[in-house]
Amino acid sequence: QVQLVESGGGLVQAGGSLRLSCAASGRTFSSGTMGWFRQVVGKEREFVAVFRWSGGGPSYADAVKGRFTISRDSAKNTVYLQMTNLQLADTAVYYCAATTSRLILSRVWNGENYDYWGQGTQVTVSS
């Protein structure tokens with residue numbers, strides 16, 4: 001059984017930092033794609049960042065480029081999302097997503113291309 005378990009969410013003041021973790025078990029994604037999406041109640045799920053493990057590397061949504069960094073630890077089958085200079089607009093539930101497929105860049109933005117999802121972790125940025 002594949003599980004993605006997120007951790008690291010919480011409450012932070014604007015300008016602060018958080019690091020999210022997503023630990024995968026039951027399957028390795030070392031040749032696939034793992035990423036982060038976020039969703040605010042009443043709004044559509046939004047792509048945040050992705051790491052394509054076997055080539056391609058990281059890609060980011062424009063809204064977080066330069067502030068967020070995605071990285072991975074192959075040995076731990078884990079991806080991280082380091083978030084800095086957090087803004088009120090970053091408040092959302094953050095979801096980890098994964099697929100064993102190596103998605104091409106034009107497909108990483110669409111959550112329907114991912115097979116596995118975590119339960120989500122709340123990130124709240126206060127003023």
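Applying the salt bridge (charged side-chain N to carboxylate O under 4.0 Å, His left out) test to residues at least two apart or on different chains, the pairs with a partner in residues 24-41 are R38-E46, R38-D90.
S30 places no side-chain N or O within donor-acceptor distance of the main-chain N or O of T28, the cut-off being under 3.5 Å. With T121 contributing its side chain and E6 its backbone, the two residues share no donor-acceptor pair below 3.5 Å.
Closest non-hydrogen pair, L4 versus A24, comes out as CD2-CB, 3.5 Å. Shown here for V40 and A92, the closest heavy-atom pair between the two residues is CG2-CB, 3.8 Å. Counting all heavy atoms, side chain and backbone alike, L105 lies closest to S59 at CD1-OG, 3.2 Å.
Atom SG of C22 sits about 11.0 Å away from atom CD of Q3, to the nearest 0.5 Å. In this structure, the separation between CZ on R52 and CZ on R72 is 13.0 Å, given to the nearest 0.5 Å. Here the OG atom belonging to S17 is positioned 10.0 Å from the CZ atom belonging to R67, to the nearest 0.5 angstrom. Between the OH atom of Y114 and the CG atom of L103 there is a distance of 5.0 Å, given to the nearest 0.5 Å. Here the CG-CD distance, from L11 to Q122, works out to 9.5 Å after rounding to the nearest 0.5 Å.
Hydrophobic clustering of Ile, Leu, Val, Met, Phe, Trp and Tyr side chains at less than 4.5 Å, counting indirect connections, keeps Y95 apart from F51. No continuous path of hydrophobic side-chain contacts links F37 to I70 [ILVMFWY only; heavy atoms under 4.5 Å]. Cluster membership check: M34 shares its hydrophobic cluster with L81, using side-chain heavy-atom separations under 4.5 Å among Ile, Leu, Val, Met, Phe, Trp and Tyr. Residues V48 and M83 are members of one and the same hydrophobic cluster, defined by side-chain heavy-atom contacts under 4.5 angstrom among Ile, Leu, Val, Met, Phe, Trp and Tyr. Hydrophobic clustering of Ile, Leu, Val, Met, Phe, Trp and Tyr side chains at less than 4.5 Å, counting indirect connections, unites Y94 with V79.
Under the 4.5 Å side-chain criterion, counting only non-hydrogen atoms from C-beta, R102 is not in contact with S31. In this structure, F68 and W36 have side chains that are not in contact, with every pair of non-hydrogen atoms separated by 4.5 Å or more. Side-chain contact between W117 and R45 is present, with at least one heavy-atom pair separated by less than 4.5 Å. Taking 4.5 Å as the limit, every side-chain heavy atom of T99 sits out of range of all side-chain heavy atoms of N113. No side-chain heavy atom of D115 sits less than 4.5 Å from a side-chain heavy atom of F29. A 4.5 Å side-chain heavy-atom check between Q13 and L86 finds every atom pair outside the cut-off. Contact of the T69 side chain with the P58 side chain is not registered, since no non-hydrogen atoms from C-beta on lie closer than 4.5 Å. Counting heavy atoms from C-beta on, the side chains of L20 and V123 come closer than 4.5 Å.
Donor-acceptor pairing under 3.5 Å is lacking for the side chains of Q82 and T84.
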Derivation of the ring pair (Phe, Tyr, Trp, His ring centres under 6.0 Å) call for F47 and W109: CA-CA 6 Å; F47 169 81; W109 320 98; 4.5 Å; yes
